[in-house]
Amino acid sequence: MGCCNGGDTGINSFALVSYLPDPLAGFLDRLRAELVPGCHSKAHVTLLPPRPLLCGADTAWSEIEKKLRDVPPFRVELAEIEVFPITQVIYLAVNAGNAELRRLHRTLNAGSCAFEEPFSYHPHITLAQDLEPGQFESALKTARDRWNEFSGARGFSVEKLAFVQNTLENRWTDLSAHPLKPRILADAH
């Protein structure tokens with residue numbers, strides 16, 4: 001999902017994401033722009049894939065925040081470059097943190113945010129999609145080569161979630177954010 005800050009016309013398509021921190025985010029943003037020229041997406045992992053809402057965004061966000069109240073930050077570690085065969089989406093697989101992301105998805109994909117998604121939820125970081133015919137093999141090789149060359153940390157902490165809305169211009173606008181709060185351990189005395 002890209003990000004913009006106003007000027008675009010919002011549509012009834014919302015998602016919940018966690019943006020990756022730098023330097024990993026910067027590397028993946030540059031890689032995605034190399035694989036899909038003109039892509040202005042910010043590196044993220046999606047917790048609620050795009051969906052229409054049957055209520056207002058404020059109502060949905062309020063419900064999401066209540067469900068996130070006791071969710072602590074958690075660690076995500078990225079694995080290898082993989083491909084969704086049906087859609088030919090090139091992505092980075094999530095290793096550690098996969099169970100937490102799936103659990104949050106199940107919790108949040110209910111109530112005002114419930115949506116029957118076209119594919120089963122599969123935590124990942126999208127690198128390339130909607131490629132022009134004939135670009136797939138080259139993009140896949142480039143993605144694997146660049147990822148193998150990357151020497152930085154391949155993990156991050158999910159500490160904040162962003163509620164985003166798509167626009168007619170197919171750019172994603174940040175609407176609200178919710179920081180995850182570490183659990184406070186009771187004094188053992």
Side-chain angles (χ1 to χ4, degrees), residues 1-21 25 28-29 32-33 35-71 73-74 76 82-94 97-98 100-133 156 158-181:
M1 287 170 218
C3 176
C4 63
N5 291 315
D8 292 322
T9 307
I11 60 174
N12 189 15
S13 179
F14 298 84
L16 186 68
V17 303
S18 177
Y19 293 114
L20 280 62
L28 294 176
D29 289 346
R32 185 153 185 188
L35 299 175
V36 184
C39 178
H40 302 292
S41 178
K42 289 172 61 176
H44 66 278
V45 61
T46 303
L47 286 94
L48 285 179
R51 67 204 48 239
L53 296 176
L54 299 176
C55 63
D58 290 343
T59 300
W61 178 241
S62 177
E63 188 176 307
I64 289 170
E65 281 196 304
K66 286 177 188 166
K67 292 177 181 178
L68 293 175
R69 194 169 289 144
D70 296 322
V71 176
F74 59 93
V76 168
E82 297 185 16
V83 174
F84 291 122
I86 294 172
T87 58
Q88 289 197 315
V89 169
I90 300 170
Y91 68 92
L92 263 169
V94 170
N98 195 303
E100 290 87 345
L101 290 164
R102 288 178 185 276
R103 191 170 23 259
L104 271 173
H105 175 266
R106 279 191 306 274
T107 298
L108 298 169
N109 188 27
S112 62
C113 292
F115 180 64
E116 189 172 325
E117 296 161 5
F119 299 100
S120 296
Y121 178 70
H122 184 103
H124 67 281
I125 311 294
T126 299
L127 298 176
Q129 61 187 3
D130 302 324
L131 294 168
E132 296 295 324
F156 59 97
V158 173
E159 297 178 358
K160 182 168 51 169
L161 303 179
F163 189 51
V164 298
Q165 180 179 18
N166 202 357
T167 67
L168 288 173
E169 298 78 12
N170 197 27
R171 291 186 170 266
W172 290 88
T173 303
D174 293 356
L175 298 178
S176 301
H178 181 87
L180 300 181
K181 297 177 183 160

Check: Ser62 side chain, Asp58 main-chain N or O, donor-acceptor pair, under 3.5 Å
no
Quick one, Leu20 and Leu28 - any side-chain contact, counting heavy atoms below 4.5 Å?
yes
Heavy-atom pair of closest approach, residues Phe119 and Thr87
CZ-CG2, 3.7 Å
Closest contact, heavy atoms only, Pro50 versus Ala15
N-CB, 4.0 Å
Within the structure provided, determine whether Phe74 and Leu180 are in side-chain contact (heavy-atom separation under 4.5 Å).
yes
Do Gln165 and Ile11 have side chains that approach each other closer than 4.5 Å (heavy atoms only, starting at C-beta)?
no
Tell me whether Asp174 contacts the main-chain N or O of Phe163 through its side chain, where contact means a donor paired with an acceptor under 3.5 Å.
no
To the nearest 0.5 Å, what is the distance between NE2 on His178 and CH2 on Trp61?
6.5 Å
Could you tell me which non-hydrogen atom of Leu101 sits nearest to which non-hydrogen atom of Pro123, and how far apart they are?
CD1-CB, 3.7 Å
Is any side-chain heavy atom of Trp172 closer than 4.5 Å to a side-chain heavy atom of Lys42?
no
Strictly distance-based, threshold 3.5 Å: is any side-chain N or O of Gln88 a donor or acceptor partner for the main-chain N or O of Val83?
no
Inter-residue atom distance Arg171.CZ - Thr9.OG1, 0.5 Å rounding
13.0 Å
Is a side-chain donor or acceptor of Asn109 paired with a backbone partner of His105 at a separation under 3.5 angstrom?
no
Okay, side chain of Glu82, backbone of Ala93: is any donor-acceptor separation there less than 3.5 Å?
no
Would you give the length of the straight line joining atom CG of Leu47 to atom CG of Leu108, rounded to the nearest 0.5 angstrom?
7.0 Å
Using side-chain heavy atoms (C-beta onward) and a distance below 4.5 Å, is Thr107 in contact with Val71?
no
I need the minimum non-hydrogen distance between Glu63 and Gly111, along with the two atoms involved.
OE2-CA, 3.3 Å
How long is the span from the CG atom in Leu16 to the CG atom in Leu104, to the nearest 0.5 Å?
8.5 Å
Quick one: pull up OG1 in Thr126 and CG in Leu92 and give me the separation to the nearest 0.5 Å.
9.5 Å
State whether a side-chain donor-acceptor pair under 3.5 Å links Ser120 with His122.
no
Backbone N or O of Lys160 within a donor-acceptor pair of the Ser18 side chain at under 3.5 Å?
yes
Just verifying a value: how many Å separate His124 NE2 and Thr46 OG1, rounded to the nearest 0.5 Å?
6.0 Å
Pairwise side-chain contact, Arg69 with Lys66, heavy-atom cut-off 4.5 Å (strictly under)
yes
Does any N or O in the side chain of Arg51 come within less than 3.5 Å of the main-chain N or O of Cys113, such that one atom is a donor and the other an acceptor?
yes
Minimum heavy-atom distance between Cys39 and Arg32, given as atom pair plus value:
SG-NE, 3.4 Å
